[in-house]
**Student:** 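Handing you this structure, nothing more for now.
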There are 2 protein chains.
Amino acid sequence: MPETTHLHPGALDIAPPHRELLAQVLDRWSLQVLEELCERPSRFSELRRAIPAVTGKSLTATLRRLERNGVVERTVVSSRPVAVEYRITALGKTLREPVDALLRWTTEHLPEVEAARARFEE
Amino acid sequence: MPETTHLHPGALDIAPPHRELLAQVLDRWSLQVLEELCERPSRFSELRRAIPAVTGKSLTATLRRLERNGVVERTVVSSRPVAVEYRITALGKTLREPVDALLRWTTEHLPEVEAARARFEE
DNA sequence: CGGCATCCTCTTTGATACTG
DNA sequence: CAGTATCAAAGAGGATGCCG
């Protein structure tokens with residue numbers, strides 16, 4: 001049974017499926033992958049080069065997850081040698097606005113956050 | 001030195017400190033804690049009751065992280081028995097808008113995502 | 001080239017017990 | 001009541017090697 005969500009007026013409604021979705025879309029590598037694919041379709045190896053810190057395994061996992069959620073699209077371009085292209089979908093593009101809003105928040109408030117951190121380490 | 005961020009026009013800029021900040025603010029329990037504290041100041045045990053799935057340890061960790069980043073404030077109200085109150089800060093309130101935007105996205109697009117998932121499981 | 005399988009490590013989390 | 005300490009369990013993530 002899903003946990004009851006006892007909502008008062010104005011509360012943030014964060015039902016489990018929403019949270020799960022956010023977790024899948026905002027995980028460790030997703031944002032960077034999305035960043036790349038928003039600019040241009042890319043091949044697997046191009047993504048690896050663009051995001052040097054990611055391993056093949058994690059990149060595969062990230063791309064699969066994004067593909068499963070309809071945010072990116074995977075196309076086999078040729079075989080021998082295999083070439084695969086990833087591109088962002090229409091749905092994926094709609095994700096960009098809210099993500100940008102969040103990134104703007106970090107940009108605008110990072111100084112305040114850092115001040116708070118300095119205060120905290122006393 | 002922070003890793004170079006190779007930016008093309010229109011790319012999402014997600015520098016490491018921003019990502020780190022997002023991770024701290026959007027982690028597993030933060031949203032629910034923020035949800036509660038946006039409504040009203042709460043004591044530790046009230047938060048536990050409001051979020052039954054969180055353990056004391058994790059709640060403490062979450063609150064400390066949010067406090068460190070200036071998003072919530074911790075006040076010792078009384079001793080014997082100890083009473084501690086947590087409340088959202090002005091900075092914390094500014095976080096709500098962009099988070100809401102993201103939650104709206106999940107609400108609006110969850111059907112599309114679920115359709116994509118159904119397509120994917122074939 | 002893209003990516004799966006295996007192994008292995010490191011971090012995260014939970015359960016439980018204890019304290020000011 | 002609001003934590004901390006400790007230990008055990010689980011999971012994410014990396015390294016490597018193989019295959020179509």
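Lettering follows sequence order; numbering is per chain, from 1.
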**Student:** Keeping Ser30(B) on the side-chain end and Leu26(B) on the backbone end, is there a donor-acceptor pair under 3.5 Å?
**Tutor:**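 No; zero donor-acceptor contacts below 3.5 Å.
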**Student:** Of the residues in residues 64-75 of chain A, which ones touch DNA chain C at a heavy-atom distance under 4.0 Å?
**Tutor:** Arg64(A), Arg74(A)
**Student:** Please report, to 0.1 Å, the donor-acceptor pairs under 3.5 Å made by any side chain of residues 41-49 of chain A, with sequence neighbours excluded.
**Tutor:**
unit_1   : atom_1 : unit_2   : atom_2 : d
Ser42(A) : OG     : Arg40(A) : O      : 3.3
Glu46(A) : OE1    : Arg43(A) : N      : 2.7

**Student:** Could you list the donor-acceptor pairs under 3.5 angstrom formed by side chains in residues 71-80 of chain A, with sequence neighbours left out?
**Tutor:**
unit_1   : atom_1 : unit_2   : atom_2 : d
Arg74(A) : NE     : Tyr86(A) : OH     : 3.4
Ser78(A) : OG     : Pro81(A) : O      : 3.2

**Student:** Given atom CG of Leu59(B) and atom P of dT12(C), what is their separation to the nearest angstrom?
**Tutor:** 18 Å
**Student:** Under 3.5 Å, side chain of Thr89(B) to main-chain N/O of Gly70(B), donor-acceptor pair present?
**Tutor:** yes
**Student:** Atom CD1 of Ile51(B) to atom P of dA2(D): distance rounded to whole Å?
**Tutor:** 14 Å
**Student:** In whole angstroms, how far is the P atom of dG2(C) from the CG atom of Leu63(A)?
**Tutor:** 11 Å
**Student:** Would you tell me if any nitrogen or oxygen in the side chain of Ser45(B) comes within less than 4.0 Å of OP1 or OP2 on dA2(D)?
**Tutor:**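 Ser45(B) to dA2(D) OP1/OP2: side-chain N or O found under 4.0 Å.
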**Student:** Report yes if a side-chain nitrogen or oxygen of Thr60(A) is closer than 4.0 Å to either non-bridging phosphate oxygen (OP1 or OP2) of dG3(C); otherwise report no.
**Tutor:** no
**Student:** What is the distance, to the nearest angstrom, from the CZ atom on Phe44(B) to the C1' atom on dT4(D)?
**Tutor:**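 From Phe44(B) CZ to dT4(D) C1': 11 Å.
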**Student:** Among dG14(C), dG3(C), dA2(D), which nucleotide has an atom closest to any side-chain atom of Arg28(B)?
**Tutor:**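 So the side chain of Arg28(B) is nearest to dG14(C).
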**Student:** Could you tell me how far apart Lys57(A) (NZ) and dG3(C) (C1') are, to the nearest whole angstrom?
**Tutor:** 12 Å
**Student:** Would you indicate which nucleotide in dG3(C), dG3(D), dC1(D) comes nearest to any side-chain atom of Pro81(B)?
**Tutor:** dC1(D)
**Student:** I need the minimum non-hydrogen distance between Glu112(A) and Arg119(A), along with the two atoms involved.
**Tutor:**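 So the minimum-distance heavy-atom pair works out to O-NH2, 4.5 Å.
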**Student:** Between CG of Leu110(B) and CH2 of Trp105(B), what distance do you get to the nearest 0.5 Å?
**Tutor:**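 Atom-to-atom, Leu110(B):CG and Trp105(B):CH2 are 8.5 Å apart.
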**Student:** Let me know the distance between CG of Leu47(A) and C1' of dG3(C), rounded to the nearest Å.
**Tutor:** 14 Å
**Student:** Grab the two heavy atoms, one from Leu34(B) and one from Leu66(B), that are nearest each other, plus how far apart they are.
**Tutor:**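 The pair with the smallest heavy-atom distance is CD1-CD1, 4.1 Å.
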**Student:** What is the distance, to the nearest angstrom, from the CD atom on Gln24(A) to the P atom on dA12(D)?
**Tutor:** 11 Å
**Student:** Can you tell which of dT6(C), dG2(C), dT4(D) lies closest to the side chain of Val82(A)?
**Tutor:**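 Nucleotide nearest to Val82(A)'s side chain: dG2(C).
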**Student:** Ignoring backbone atoms, establish whether Ser58(B) has a side-chain N or O less than 4.0 Å from OP1 or OP2 of dG14(C).
**Tutor:**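 True: Ser58(B) side-chain N/O within range (under 4.0 Å) of dG14(C) OP1/OP2.
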**Student:** Is Arg80(B) near enough to dC1(D) that one of its side-chain N or O atoms lies under 4.0 angstrom from OP1 or OP2?
**Tutor:**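 It does not, given that no N or O in the side chain of Arg80(B) lies less than 4.0 Å from OP1 or OP2 of dC1(D).
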**Student:** Less than 4.0 angstrom between a side-chain N/O of Tyr86(B) and OP1 or OP2 of dG3(D), yes or no?
**Tutor:** yes
